[in-house]
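Please read the structure below before turning to the comments.
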Amino acid sequence: MTSFSIHGVGVSGGIAIGQAHLVSNALLEVVHYQLPKHLIEDEIERFSNAVATVKQDLEQINSSFRKNAPAELSAFIGTHLMMLADRSLSEAPKDIIRNEQCNAEWAIKLQMDDIVDQFEQIEDEYLRERKQDVIQVVERIIKVLLGHQSQLTTEQQASATQEERRLILVAHDISPADAIQFKQHQFAAFITDVGGATSHTAILARSLNIPSIVALQHARDLINNGELIIVDGDLGVVIVSPSKEILAEYKLRQELWELEQQKLQRIKTTKAVTIDGTTIELFANIEVPEDVTAVRAVGATGIGLYRTEFLFMNRRDMPDEEEQFLAYKAVAEAMKGAPVTIRTLDLGADKQMNPDSVVNCANPALGLRAIRLCLSEPQIFHTQLRALLRASHFGHIKILIPMLCTLAELRQTKLLLERAKSSLRKEQIPFDENISLGGMIEIPAAAINAEAFANELDFLSIGTNDLIQYTLAIDRTDDAVAHLYNPLHPSVLKLISITIKAGAKLGKSVSVCGEMAGDVKLTKLLIGMGLRQLSMHPSHILSIKQQVLHSQLTQLNIQARKVLGLTDIEKIEALVAKFNLN
Ligand code: PEP
Ligand code: MG
């Protein structure tokens, strides 16, 4: 086997060596072929066997759920079992195979298209969305027909972890809704053909704390299942079928990397203080309550960003107030009085509730997303605000509003928060009357007007992922423009600086919670610009802390001022690289 390498964009560092595990998109793989008459009955039997296998899989998954698993999960599987038993999925395709003399995959796909068309005609939005369940069930049948491994049950997953640690996921694309499910697994690495470094898929990949690379273009076509590959997350390179020498070299580098990680553990309880004595608070970003374990393991000051939208994904209905309350309360309690900044729902753009959702607007990133969506669906927002307020009684919760653009949005949000508070007061349900309200600065218009926002909020948090996307007009999910996505663009730095100054002037704290905060190459610049709070994935906290411990603030202030005076990206990059050497 000849060795070759593929280059992409590294989104999470480290080295992994393992076997490629191709993640299929079964629906794309369906081909159409005709069968001779004498094979038709065999084909029908093949179809029946596939349906039986899927039924067995679903039943096994259902029975392997732990007792305390959310009821929705079981209901979800129940719906799929019901659909599978329905004549239209289990019998009608057999007629198609017979009448059209075609293969089983094609028959079930034709039938699915027909059913989905019927769902599309339904007025009721909830029922219309049920088409996703049909698609998911059909995908399962097709995967079995194509000979892909059937879905692992949770029990099997547990015993497969050893195996998983050596597997490298190779996918064309993975939606954030899919990626969140990988948190239950322990793969060695994660690589995709498409995506940008700050797409939500990449952010999730990073939070898995395994090497990952996106924008590899044709990796999924070029790599075979089971092939040995090396993933170098730092360089963004995948080496397929490496030679003995290359493999030995990478094994050595992998050991050194692991040693480095172990050494970082020594500063776990050390405070993040610069050489000249200024404390920098290092917070963690989380996506699901279970992430708190990783946060506590690295001794973070608190949670600077809890992205609640992941609670709303991969399910048929919205989480109700009680379910949300329990999730937020669990995080608040686990953090034992340390601040927990919970961001209200930021659905929309690349974060859809379901991986197969069809986005019906031309520019989803500029569409009905985050606070815009919440203000247009006040009932959903009211439920979340009540859940957040109720949970605030059990810890130190702060509320963070995403994607603010106008003061009118902020004032409307405050009215709705007041309404949620008064409804709780009426019911005599306790909550933190002094709960802090902060806003994300991630739209250039908000950064330019940061003083006005700081005036009406308790704190600001800069979402650099979106701030860069909107300032530079670069879709954060698009690999074709990934090379242009640059946090060191002078205009991005100016907007960050305006926001920091606005906070300082009005005595309001400002943090960065975008991916810039976890990039060790930018730490000295950010603290030199005046930031005292950074929030990042737990896996970055120790390396950022080490950088803080090596920083001399007085010197960095001067250098940051010089950087802000430059207008040329290349010159900025050179200067930042220079003061990182000190
Ligand atoms: C950001 O935009 O920087 C941010 C933290 O929010 P998200 O990545 O969830 O959009
Ligand atoms: Mg954002």
Side-chain angles (χ1 to χ4, degrees), residues 1-30 53-54 57 60-61 136 139-195 199 201-202 204-233 236-242 246-247 250-251 254 314 355:
M1 191 90 226
T2 46
S3 170
F4 60 95
S5 58
I6 321 173
H7 295 247
V9 178
V11 293
S12 181
I15 288 160
I17 302 171
Q19 281 184 330
H21 177 75
L22 268 54
V23 178
S24 82
N25 184 343
L27 287 176
L28 293 181
E29 289 177 32
V30 172
T53 304
V54 170
D57 278 356
Q60 212 174 337
I61 291 173
Q136 285 164 3
E139 265 224 303
R140 275 180 185 276
I141 300 174
I142 293 177
K143 277 186 184 168
V144 174
L145 285 168
L146 292 173
H148 296 312
Q149 244 180 4
S150 61
Q151 183 90 12
L152 293 176
T153 66
T154 35
E155 263 169 24
Q156 284 167 317
Q157 280 163 12
S159 62
T161 47
Q162 276 301 102
E163 198 61 6
E164 282 173 6
R165 273 184 211 132
R166 291 189 292 272
L167 288 182
I168 293 172
L169 286 192
V170 183
H172 175 67
D173 190 14
I174 289 179
S175 70
D178 278 333
I180 194 81
Q181 296 186 322
F182 292 140
K183 286 211 177 209
Q184 302 153 9
H185 300 261
Q186 295 189 25
F187 296 107
F190 182 120
I191 61 176
T192 63
D193 289 348
V194 298
S199 65
T201 303
L204 281 164
R206 203 168 292 137
S207 81
L208 301 177
N209 201 14
I210 54 176
S212 19
I213 304 177
V214 298
L216 283 158
Q217 311 288 343
H218 301 292
R220 205 186 162 291
D221 293 336
L222 297 170
I223 299 171
N224 294 314
N225 230 349
E227 218 159 9
L228 184 68
I229 54 178
I230 297 173
V231 176
D232 183 336
V237 177
V238 177
I239 302 166
V240 185
S241 294
I246 297 278
L247 189 61
Y250 265 96
K251 279 192 172 153
Q254 190 182 31
N314 294 311

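Because the structure is predicted, anything quoted here is derived from the model rather than measured.
With sequence neighbours excluded, the residues forming a side chain to side chain contact (heavy atoms under 4.5 Å, CB included) with I246 are I230, I239, P242, S243, Y250, listed by chain and number. Listed by chain and number, the residues in a side chain to side chain contact (heavy atoms under 4.5 Å, CB included) with A20 are L22, V170, I223, I229 (sequence neighbours excluded). The side chain to side chain contact (heavy atoms under 4.5 Å, CB included) check on A16 picks up I168, A188, A189, P211, V231, with sequence neighbours excluded.
Rounded to the nearest 0.5 angstrom, R166 CZ and L228 CG are separated by 12.0 Å. Considering CG of D232 and CD of Q254, their distance stands at 10.5 Å, rounded to 0.5 Å. Expressed to the nearest 0.5 Å, how far CG of L216 lies from OG1 of T192 amounts to 6.5 Å. Atom CD1 of I141 is separated from atom CG of D57 by 11.5 Å, given to the nearest 0.5 angstrom.
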- Go through I6 and L222 one step at a time and tell me if the side chain to side chain contact (heavy atoms under 4.5 Å, CB included) criterion holds. CA-CA 9 Å; I6 321 173; L222 297 170; 4.2 Å; yes
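K251 and I17 make their closest contact through CG-CD1, 3.7 Å (heavy atoms, listed as atom of the first residue, atom of the second, distance). I210 approaches S12 most closely through the heavy-atom pair O-OG, 3.0 Å. Shortest non-hydrogen contact noted between D193 and H172 is OD2-ND1, 2.9 Å.
Between the side chain of S3 and the backbone N or O of S241 there is at least one donor-acceptor pair closer than 3.5 Å.
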